[in-house]
**Q** 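Sending over a structure as structure tokens; questions will come in a sec.
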Amino acid sequence: MKTILLLLAVVAVAHAGVTLTLSSDDIEAFLEAHNDVRNELGIPSLVWDTTLAEFAEDWTSRCEFEHSNQQYGENLYQNGPLDDNATYLAYRSAASWLKELEYVDDDWECIAQDSPTCGHYSQMVWRDSVSVGCAITQCEENEEMPNLVSCNYDPPGNHGGQQPY
């Protein structure tokens, strides 16, 4: 039994990533990337929440590009090559999520060919969300797309049949 537990621990460490420590400038980049668009829309700014950031760290450290489906709203982003510039990744991930606006029609339905939803953009601008926390983990075993970004939002958005603002 001890051998099995040890093997599981080794496997877990082998798949764990290295989470970047975010500086105050990195945190400000995440907030600015979100709040610039919210302010343009007349939506109140988000504030940083360390509980949400810790949740994002825990989730991204698994190095799996999948949603947690937990109590928070969540946006994920992944890119490469390996990059430890967290400020750049904060702006890059937000730009990717904002780009989804191009695929939203007047009824807030996604018209993208390769995606059933455009939920990243709408979560960023969800009027009722008041806080955000993000994390970046470097997953070197994924050579093509090792940078994994997660932002979590509270309260969550993207409720069916509701528009974000």
**Q** For Glu102, does the CD atom sit with more than 12 other heavy atoms under 6.0 Å from it, leaving out its own atoms?
**A** yes
**Q** Between atom CG of Leu20 and atom SG of Cys134, what is the distance when rounded to the nearest 0.5 Å?
**A** 12.5 Å
**Q** List, by chain and number, the other hydrophobic cluster members for Phe55, where Ile, Leu, Val, Met, Phe, Trp and Tyr join if side-chain heavy atoms come within less than 4.5 Å, directly or indirectly.
**A** Leu52, Tyr72
**Q** Measure the CG-CD distance between Asn142 and Gln78 for me, rounded to the nearest 0.5 Å.
**A** 5.0 Å
**Q** Quick one: sort the His34 and Tyr153 rings into parallel, tilted or perpendicular, breaks at 30° and 60°.
**A** tilted
**Q** Got a sec, which residues hit side-chain hydrogen bond (donor to acceptor under 3.5 Å, both in side chains) with His67, two or more places apart in sequence or on another chain?
**A** Glu74
**Q** With sequence neighbours excluded, what pairs up with Trp48 under the ring pair (Phe, Tyr, Trp, His ring centres under 6.0 Å) test?
**A** none
**Q** Surrounding CD of Glu66 (heavy atoms of other residues, nucleotides or ligands, distance under 6.0 Å), is the total greater than 12?
**A** yes
**Q** Specify the closest pair of heavy atoms between Pro155 and Ser129, including all atoms of both residues, with the distance to one decimal.
**A** O-OG, 2.6 Å
**Q** Would you compute the distance between atom OG of Ser122 and atom CH2 of Trp97 and round it to the nearest 0.5 angstrom?
**A** 12.5 Å
**Q** Starting at CG of Leu82, measure out to CD of Gln138 and round the result to the nearest 0.5 Å.
**A** 4.5 Å
**Q** Find the distance between CD (Glu64) and CG (Leu148) and round it off to the nearest 0.5 Å.
**A** 10.0 Å
